There are 2 protein chains.
Amino acid sequence: MRVAKPVPSVAVIFISKLQLQDEAYAESITRLKELGGQQPGFLGIESARAPDGRGITVVFYDTAESARVWGKNPEHRSAMKTGQEKWYEYYELYYANVVKGHAWSSDAGT
Amino acid sequence: MRVAKPVPSVAVIFISKLQLQDEAYAESITRLKELGGQQPGFLGIESARAPDGRGITVVFYDTAESARVWGKNPEHRSAMKTGQEKWYEYYELYYANVVKGHAWSSDAGT
């Protein structure tokens, strides 16, 4: 059964297109997911990337402060810099306050 | 150059996994994008789906009321019903108030 992330919470929405997917990118993502997942206030991450390089990642935090701390993490910032230099064609980044949430799954019974 | 969606705005975040991608699904998505894109208050849509069926769509609106109107659109609701019956393994749906936004693109100069 699928459970919705807690509400209220903060969603950081990262919309991007990759122009290069090399080994260093894959390693960086693995490392950042591990590091970010250990951060206080982290509630969950959802990510999807299409074969053409377009992707969306949504990271949920308990508060705006937790989201802000991760945004200033040195290893995270260093990866974003490399992202601008090599990996991304473009990206958009949004901070949003989640006010309503709902989960549904086919195995939840009818 | 990439331009960020207006802030403040409302983001509807739809996280899903498809268990079936048939022709009717593709037709439904095309139709809903056309219909939803004409709705007052619609600001933009971003969507990415991975080959394994996991996908994220973020739709931006000017106000919570515009988002609510689309949520109650009969054709949209009918498609969501079919989605539960056939297409989706699970989904999560969030309404969030966007408080900060930023766009970056590699062609914007340095």
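In what follows, chains carry the letters A, B, and so on, assigned in the order in which the sequence lines appear, proteins first and then strands, with residues in each chain numbered from 1. Being a predicted model, the structure only gives us computed values, none of them experimental.
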Exercise for the section: Against chain A, work out which of V98(B), V3(B), V99(B), I56(B) has the most heavy-atom pairs shorter than 4.5 Å and name it. Expected result: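 If we count pairs closer than 4.5 Å to chain A, I56(B) comes out on top.
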Practice task
May I ask you to name which of Q19(B), K17(B), R54(B), Q84(B) has the most heavy-atom pairs under 4.5 Å with chain A?
Solution key: Q84(B)
Problem - K5(A) versus chain B, the contacting section by heavy-atom distance below 4.5 Å - result: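 It is both, since atoms from each part get that close.
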If you take all heavy atoms of [X] and [Y], which pair is closest and at what distance?
{"X": "A103(B)", "Y": "E92(A)", "result": "CB-CG, 4.1 Å"}
{"X": "Y88(A)", "Y": "W104(B)", "result": "O-CZ3, 3.5 Å"}
{"X": "A50(B)", "Y": "A48(A)", "result": "N-CB, 4.4 Å"}

Fill in the blank from the handout: Answer key: most heavy-atom pairs under 4.5 Å with chain B among G55(A), S47(A), A64(A) is S47(A)
With a 4.5 angstrom heavy-atom cut-off, which part of [X] approaches chain A: side chain, backbone, both or neither?
{"X": "F14(B)", "result": "neither"}
{"X": "S9(B)", "result": "neither"}
{"X": "L93(B)", "result": "both"}
{"X": "A11(B)", "result": "side chain"}

Practice task
Give a yes or no on this: more than 12 heavy atoms of other residues, nucleotides or ligands lie within 6.0 Å of atom CD of E85(B).
Solution key: yes
Practice task
Test side chain to side chain contact (heavy atoms under 4.5 Å, CB included) on H102(B) and Y91(A) and set out the steps.
Solution key: CA-CA 8 Å; H102(B) 172 70; Y91(A) 64 73; 4.2 Å; yes
Practice task
State yes or no: do L43(A) and I13(A) share one hydrophobic cluster built from I, L, V, M, F, W and Y residues joined by side-chain heavy-atom distances below 4.5 Å, directly or via other members?
Solution key: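 Yes; tracing contacts between hydrophobic side chains, which count when under 4.5 Å, links both residues.
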Practice task
Following the transitive rule for hydrophobic clusters with a side-chain heavy-atom cut-off under 4.5 Å over Ile, Leu, Val, Met, Phe, Trp and Tyr, establish whether I45(B) and Y95(B) coincide in one cluster.
Solution key: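 Yes.
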Fill in the blank from the handout: d(I15(B) CD1, F60(A) CZ) to nearest 0.5 Å is 4.0 Å
